[in-house]
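Encoded as structure tokens, the structure appears first; notes follow it.
What you see is a predicted model, and the numbers here were worked out from it, not measured in a lab. Throughout, a chain's letter reflects where its sequence line sits, starting with A, and its residues are numbered from 1.
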Number of protein chains: 2
Amino acid sequence: MAIIVDKEKKRREIALSSRELLLKVGIKNITVAEISKTAGVGKGTIYEYFSNKEDIVFEIIAIYMDEHAKELSEISDSSEEIKEKLKSFMLLVFNSENSEQELMIYREFIAIALTSRIKEMSDFAKSCKLKIANILRDMLQSHVQSGDISALSLEFVDPILYFLKGVVVEQGMTQIEAKQEVLNFIESWFALIKVSKQ
Amino acid sequence: MAIIVDKEKKRREIALSSRELLLKVGIKNITVAEISKTAGVGKGTIYEYFSNKEDIVFEIIAIYMDEHAKELSEISDSSEEIKEKLKSFMLLVFNSENSEQELMIYREFIAIALTSRIKEMSDFAKSCKLKIANILRDMLQSHVQSGDISALSLEFVDPILYFLKGVVVEQGMTQIEAKQEVLNFIESWFALIKVSKQ
DNA sequence: TCTTAATTGACTGACGGTCGGTCAAAGGAG
DNA sequence: CTCCTTTGACCGACCGTCAGTCAATTAAGA
């Protein structure tokens, strides 16, 4: 018999090795030849692990998503007060180490997902959204129960995520001050949902 | 002198003629050769009026944006009550005559804007956002003054637009029920900002 | 007739994806 | 231990496609 490689692991390795390059020039201007050279494999090999060029971005986003879901859970479980937790939650993606680069790749992902009608993309995006929505809902729920915020706030779980996605997209299109927009929103929203302690 | 053509007009004509085709296959799968044939001009002529393939989507969106800004203003100026006006405002893009198709092109536009770092794109997107934000702000302002809603609602002008953009993107990625999401949001939000008539 | 804007489509270079073929490791038979 | 067979990983030359270019052509006004 011949060698059996860990397909999933190698897929991840190739994806990660091309990350730098991807950040520099974007998916549209990257060539598969470059990717294969960077990864130290032949061009044909790329297609053993990815069904097409865009699929590589897909893998990178999956990696990030795993990491972020974990960090978001930690924030949710922390003992901060809810307003601070929400700030950390919503700003995570703008504050993390190479946030600008991660965001760029995330935007590439959105762009691909918007233009390709691949079922896997849709399913993947759905599962991501669900996972994060659940974390956010749990977080708010616990503070509703402890009376920090109004029960109405739970209605805003999905809207908050749409808002966040909108901010990310808008920042990609028009260079808005994303963090500030998020902070403003949190202030305004809390003015409405906060239960005044008396 | 030779013929002087109305560049702006012809640009618009070419863009409109390719709209149907664009809806059917998307910008990625359309070829410039097809566009030129559909428009009844030579391939080279396309590049007299557009700097590249994506630029055509740009023009189509500009056309839609003009139309929509007008419709939004009409909604803003109507004498409905604010909640209904906001519904009309936010649902316009989902309810108009070929909304699904317009949305698809709009998503193509977002995808292009997210992946190409062209200054014009950014400026154009900025001016669109500003125009619409102003209409929305005026609309809310007038109802704050007449005491229908809390002054805090003005803080949500930008967030509402981010939310909308997020919904459009999410719908493109995961087929959510956009209209319902918008309606839910409006209900929840009004529960917070409505000034109870007494 | 001359000038010049407008138009054109053949051509080119680049690139995504394919496919026939090579190689090296892992049995297994003797 | 050695030689043969099998098999999966790996490769890169090749192909088809297509965006964008440009030299040639057209035709309207001066």
| If only side-chain N and O atoms of Tyr49(A) are considered, is one of them under 4.0 Å from the OP1 or OP2 phosphate oxygen of dA9(D)? | no
| message | Looking at Lys85(A) and Ser76(A), would you say the former's side chain and the latter's main chain have a donor-acceptor pair under 3.5 Å? | response | yes
| said: For residues Met104(A) and Ile110(B): do they belong to one hydrophobic cluster (side chain heavy atoms under 4.5 Å, members Ile, Leu, Val, Met, Phe, Trp, Tyr)? | reply: no
| request: Would you indicate, yes or no, if dA9(D) has its OP1 or OP2 atom less than 4.0 angstrom from a side-chain nitrogen or oxygen of Thr45(A)? | output: no
| field | Rounded distance (Å) that lies between atom C1' of dC15(C) and atom CD1 of Ile35(A) | value | 12 Å
| request: Round to the nearest Å and state the distance from Glu13(B) atom CD to dT7(C) atom C1'. | output: 15 Å
| task | Could you tell me whether Lys10(A) contacts a base, only the sugar-phosphate backbone, or nothing, with contacts defined as non-hydrogen atoms closer than 4.0 Å? | result | sugar-phosphate
| Nearest-Å distance for atom pair NZ/P, residues Lys28(A) and dA19(D) | 11 Å
| field | Separation of atom CD in Glu48(A) from atom P in dG12(D), rounded to whole Å | value | 14 Å
| query | Does Lys28(A) pair with Glu108(A) as a salt bridge, N-O distance under 4.0 Å? | reply | no
| said: At 4.0 Å (heavy atoms only), tell me whether Phe50(B) reaches a base, stays on the sugar-phosphate, or touches nothing. | reply: nothing
| said: Whole angstroms only, please: what is the CG-P distance between Asn29(B) and dG17(C)? | reply: 12 Å
| said: Whole angstroms only, please: what is the CD1-P distance between Ile46(B) and dA6(C)? | reply: 15 Å
| request: Would you mind classifying the nucleic acid contact of Lys7(A) as base, sugar-phosphate or nothing, using non-hydrogen atoms under 4.0 angstrom? | output: sugar-phosphate
| query | Can we say Glu100(B) and Arg107(B) salt-bridge, meaning some charged N sits less than 4.0 Å from an Asp/Glu carboxylate O? | reply | yes
| task | Quick one: label Ile30(A) by what it contacts on the DNA or RNA (base, sugar-phosphate, nothing), any heavy atom closer than 4.0 Å. | result | sugar-phosphate
| message | Are Leu130(B) and Val169(A) linked, directly or through intermediate hydrophobic residues, by side-chain heavy-atom contacts shorter than 4.5 Å (ILVMFWY only)? | response | no
| Please give, in whole Å, the distance from dG16(C) P to Tyr47(A) OH? | 6 Å
| Minimum-distance nucleotide (side-chain atoms of Ile4(A) versus dG8(D), dC15(C), dG20(D)) | dG8(D)
| field | Between dA14(C) (P) and Asn52(B) (CG): distance, integer Å | value | 18 Å
| request: Name the nucleic acid region contacted by Lys43(A), choosing base, sugar-phosphate or nothing; use a 4.0 angstrom heavy-atom cut-off, strictly under. | output: base
